[in-house]
There are 2 protein chains.
Amino acid sequence: MVHQQFAALGDPTRLAIVERLARGPASAGDLAAPTTMSLPAVLKHVRVLEDAGLVTTVKRGRVRECRLRDDALVAVATWTAQQQALWSTRLDALGTLLEDM
Amino acid sequence: MVHQQFAALGDPTRLAIVERLARGPASAGDLAAPTTMSLPAVLKHVRVLEDAGLVTTVKRGRVRECRLRDDALVAVATWTAQQQALWSTRLDALGTLLEDM
DNA sequence: ACAACAGTAAACCACATGGTTCACCAACAG
DNA sequence: CTGTTGGTGAACCATGTGGTTTACTGTTGT
């Protein structure tokens, strides 16, 4: 279900979290620090990313460590490539069709 | 603003529209036909895709023709590739760090 | 043992979103 | 000219979403 991942990435704060996490793991507090938001709000976003299969979290002691999943973006990447391929082959079809005339 | 494109693709009906449009242009009615939705609803979705820069529409006579933009998904593709690159290089960093120990 | 700290749960709120229906306009087809 | 068809605008509605605050739990440093 790739639309769930798109929806998760559709929110700017969530997108920023992913970009942050691509640089390396971080605690929930680390993620909240650069923002003006409250910690609960950030943690809700993390939960959404987790549900979308983009992020995994583990709780070590009292801090929750968040990290980007290794396979996080493959579904997105493959879907995108697939649609681009379809669209470009259709362009080819149009090109040959124009040549026939 | 790539998050807008992600948000646009986050809705299942909108995603389906894009997949349909990748096979070739279609009228608003064509897009509404396979769904159970009303035409105004579909047209609202098309408008969202248009605002996100994924789709262009032209009105020929009384029918509105919708087509996928040629550069629709490049921003999405490049962003995804970039984050994947960042994440994988970080993994390399961790690998070398482990070797040092 | 205690105080401070990181996270969590719950209740709540404002607003955006996805959908409907109805009335209407413009373009064909006869 | 007239009826039908494709699309549009507006009003409206239910639900989801992004955020808050407050109160609480469990960990950690002293």
Side-chain angles (χ1 to χ4, degrees), chain A residues 1-21 23-69 72 76, chain B residues 1-21 23-69 72 76:
Chain A
M1 306 307 179
V2 71
H3 80 263
Q4 196 179 357
Q5 312 200 337
F6 279 127
L9 296 171
D11 182 89
T13 31
R14 241 133 46 197
L15 195 72
I17 288 180
V18 169
E19 288 172 349
R20 165 63 182 81
L21 249 37
R23 265 82 177 181
S27 75
D30 290 342
L31 294 178
T35 79
T36 83
M37 266 183 301
S38 66
L39 218 168
V42 171
L43 234 60
K44 271 204 236 177
H45 284 296
V46 170
R47 182 65 179 276
V48 171
L49 291 169
E50 219 175 343
D51 289 347
L54 296 173
V55 158
T56 60
T57 75
V58 232
K59 190 145 186 189
R60 296 188 192 286
R62 64 178 167 181
V63 34
R64 174 166 299 271
E65 191 184 79
C66 312
R67 64 170 54 228
L68 197 58
R69 289 189 51 161
V76 170
Chain B
M1 307 305 180
V2 72
H3 81 263
Q4 196 179 359
Q5 313 201 335
F6 278 127
L9 296 171
D11 182 88
T13 30
R14 242 135 45 198
L15 196 71
I17 289 180
V18 169
E19 288 173 348
R20 165 63 184 79
L21 250 37
R23 266 79 177 184
S27 76
D30 289 342
L31 294 178
T35 79
T36 84
M37 266 183 302
S38 67
L39 219 167
V42 171
L43 233 59
K44 270 205 236 179
H45 284 296
V46 171
R47 180 65 178 277
V48 171
L49 291 169
E50 219 175 342
D51 289 347
L54 296 172
V55 158
T56 60
T57 74
V58 231
K59 191 147 186 188
R60 294 189 195 285
R62 61 179 169 180
V63 35
R64 174 167 297 271
E65 192 183 81
C66 313
R67 64 170 55 229
L68 198 58
R69 287 191 52 164
V76 170

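In what follows, every chain begins at residue 1, and chains take the letters A, B, ... in the order their sequences are listed.
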Check: Do you know which two heavy atoms are closest between Asp51(B) and Gln4(B), and how far apart they sit?
Finding: O-NE2, 3.4 Å

Margin query: Whether Ser38(A) contacts dG19(D) is assessed here as follows: a side-chain N or O lying under 4.0 Å from the phosphate OP1 or OP2. Is that the case?
Written below: no

Check: Would one find a side-chain N or O of Thr13(A) under 4.0 angstrom from OP1 or OP2 of dG19(D)?
Finding: yes

Margin query: dT17(D), OP1 or OP2 - any side-chain N/O from His45(A) closer than 4.0 Å?
Written below: no

Notebook entry, point to check: What pair of heavy atoms forms the shortest contact from Glu50(B) to Thr56(B), and how long is it?
Noted result: CG-CA, 4.5 Å

Next item on the list: Using only side-chain N and O atoms of Arg14(B), determine if any of them is under 4.0 Å from OP1 or OP2 of dG18(C).
Entry: yes

Item checked: Sidechain-backbone polar pair: Gln5(B) side chain, Ala52(B) backbone, donor-acceptor under 3.5 Å -> yes

Checklist line | His3(B) NE2 to dA16(C) P, straight-line distance once rounded to whole Å | finding: 14 Å

Notebook entry, point to check: Touch check for Ala28(A), heavy atoms < 4.0 angstrom, all strands: base, sugar-phosphate only, or nothing?
Noted result: sugar-phosphate

Check: On DNA chain D, nearest-nucleotide positions of Val63(B) versus Ala7(A): which is more 5'?
Finding: Val63(B)

Item checked: Side-chain (Arg64(A)) to main-chain (Ala28(A)) donor-acceptor, under 3.5 angstrom -> no

Notebook entry, point to check: Of the residues in residues 53-62 of chain B, which ones touch DNA chain C at a heavy-atom distance under 4.0 Å?
Noted result: Gly61(B), Arg62(B)

Note to self: Working to the nearest 0.5 angstrom, can you tell me the gap between Leu21(A) CG and Arg67(A) CZ?
What the structure shows: 9.0 Å

Checklist line | Minimum-distance nucleotide to Leu43(A) side chain [options: dG7(C), dT20(D), dG19(C)] | finding: dG7(C)

Note to self: Does dG6(D) have its OP1 or OP2 closer than 4.0 Å to a side-chain nitrogen or oxygen of Arg64(B)?
What the structure shows: no

Next item on the list: Compare the minimum distances between each of dG18(C), dG18(D), dT21(D) and the side chain of Pro40(A), then state the nucleotide with the smallest one.
Entry: dT21(D)

